[in-house]
S.K.: 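Here it is: the structure, laid out below.
Note that the numbering runs from 1 along the sequence shown for the chain.
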Amino acid sequence: MVVRMESMPIAAETVEFSVELADRITRSVCEAMSDSRAAVEAALTTLFAGGHLLIEDVPGVGKTTLAAALGRSIDATVRRLQFTSDMLPADVTGLSIYHQDTHEFTFHPGPIFSNIVIGDEINRATPKTQSALLEAMAERAVTMDGATRQLPELFLVVATQNPGDMEGTFPLPEAQRDRFMARISLGYPAAAAEIAMLERRSHRDPVGAITPVASVEDVLRAQRAVNEIHLSAAAASYLVAIVTATRTHPALALGASPRASLHLARMARARALLLGRTYVTAEDIAQLATPVLAHRLLPLGYFEGQRDAAAAVKEIMAEVLASTRLE
């Protein structure tokens, strides 16, 4: 069911600009990920919504390729972090070094001070190192030695992780998962797509061939446009009803947080803008509810592995969406 209310005043040229920008970036990323258009569109929606993206799947399906292709498509500062068990928080945030000649400490920024941070295999780092991202992802700032330093206005963390039941991984704490606006997975490619990948990669590196098609200011303009997309009272009530249902579901030990509600609303606005609309529909919310909420939920009961738990959460989300109606 689609409910249309009067939209907020947003210039038609701003909507057209955002749609064209999204198409440009999508085509660029699909040069390397032609068989994963849905995942590319989800990543772009997260970017326009101003959130952070978690890509979870088994090794070798293209998680890092997607993150790197998105980073190369934007003319911005991009840093990649390969998380390991011996990594320290200072390897992420930076550190202060004492200079004997001046008798002063000088702060040397870490890779977190970038527009786009690619965190490869984030769950291979210890909880102590993972926690170095908490303030940055929530407040776009880093506090060290009593001083708070702001991160760039355009700041996106795209993190990849292997399923938690694989060797050498540390589960992300609930507070860390809650800071990711959305979680997606890629899955194995279809046979035809895998054959095309073999042919495409025999001649060149598709990621290395990508050149920027958008600037930082382009993306910031689209993010500001997302703020102007109208969320009606009816759509907001529908969104809150879905989130509330996760908090009262008998099969869940932990439901979605108020931050999840804000993230879902923001993602729904971004999706509406990318589709050329100035208002959010119930379909926008329903389509995004699982990727925005599922990774925050904790199911009751015993599961042999994290993938089984994730499958149970997916079934619960399907049940919640089927039983929640727009009023």
S.K.: Angle class for the F107/F113 ring planes (parallel below 30°, perpendicular above 60°, tilted otherwise)?
M.R.: perpendicular
S.K.: Backbone N or O of S185 within a donor-acceptor pair of the D57 side chain at under 3.5 Å?
M.R.: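 Not confirmed, D57 side chain does not pair with S185 backbone.
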S.K.: Using modelled atom types only, decide if a donor and an acceptor are shared between the side chain of T246 and the backbone of A256 within a distance under 3.5 Å.
M.R.: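 Yes: the side chain of T246 pairs with the backbone of A256.
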S.K.: Measure from the side-chain N and O atoms of T93 to the backbone N and O of P89, and report whether any donor-acceptor pair falls under 3.5 Å.
M.R.: yes
S.K.: Say whether E135 and T143, considering side chains only, have a donor N or O and an acceptor N or O under 3.5 Å apart.
M.R.: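 The criterion, which ignores hydrogens and geometry beyond distance, is satisfied for T143 and E135.
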S.K.: Would E319 and K314 pass as an ion pair if we require N to O under 4.0 Å?
M.R.: no
S.K.: Considering only heavy atoms from C-beta outward, does the side chain of V280 approach that of L239 to under 4.5 Å?
M.R.: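 When only atoms from C-beta onward are counted, L239 and V280 do not touch, as no gap falls below 4.5 Å.
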S.K.: Consider only side-chain N and O atoms of T77 and S114, and report whether a donor and an acceptor are under 3.5 Å apart.
M.R.: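 Note: T77 and S114 side chains miss the donor-acceptor criterion.
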S.K.: Once the angle between the rings of H52 and F155 is folded into 0 to 90°, is it parallel (under 30°), tilted (30 to 60°) or perpendicular (over 60°)?
M.R.: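 Ring orientation of H52 relative to F155: perpendicular.
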S.K.: Do D178 and S257 pair up side chain to side chain, a donor and an acceptor below 3.5 Å, judged on atom types alone?
M.R.: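 Side chains of D178 and S257: pair found under 3.5 Å.
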S.K.: Got a second to check how far T106's OG1 is from H99's NE2, nearest 0.5 Å?
M.R.: 3.5 Å
S.K.: Which heavy atom in P152 sits nearest to a heavy atom in N115, and how many Å separate them?
M.R.: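 That closest heavy-atom pairing would be CB-ND2, 3.4 Å.
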S.K.: Could you tell me whether the side chain of S36 and the main chain of A39 form a donor-acceptor pair under 3.5 Å?
M.R.: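 Answer holds: no.
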S.K.: Do Q161 and E56 have a side chain donor and acceptor closer than 3.5 Å?
M.R.: yes
S.K.: In this structure, are over 12 heavy atoms from other groups packed under 6.0 Å from E153 atom CD?
M.R.: no
S.K.: Should R37 and E41 count as an ion pair when the cut-off is N to O under 4.0 Å?
M.R.: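 Looking at E41 together with R37, the answer is yes, because their closest N to O distance falls below 4.0 Å.
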S.K.: Check for a donor-acceptor pair, side chain of N123 on one end and backbone N or O of N162 on the other, with a separation under 3.5 Å.
M.R.: yes
S.K.: Taking only residues at least two apart or on different chains, which pairs with a member in residues 11-29 satisfy salt bridge (charged side-chain N to carboxylate O under 4.0 Å, His left out)?
M.R.: E20-R24, D23-R27
S.K.: For D120 and T64: C-alpha separation, side-chain torsions, deciding distance, then whether side-chain hydrogen bond (donor to acceptor under 3.5 Å, both in side chains) applies.
M.R.: CA-CA 7 Å; D120 202 10; T64 306; 2.7 Å; yes
S.K.: Checking side-chain polar atoms at under 3.5 Å, does H263 have a donor or acceptor matched by the opposite partner on R296?
M.R.: yes
S.K.: Within the 4.5 Å heavy-atom criterion, are V240 and S237 side-chain neighbours or not?
M.R.: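 Of all side-chain heavy-atom pairs linking S237 with V240, none is under 4.5 Å.
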S.K.: Would you mind listing every salt bridge (charged side-chain N to carboxylate O under 4.0 Å, His left out) that reaches into residues 269-280, with sequence neighbours excluded?
M.R.: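 Qualifying pairs: R271-D284, R277-D284.
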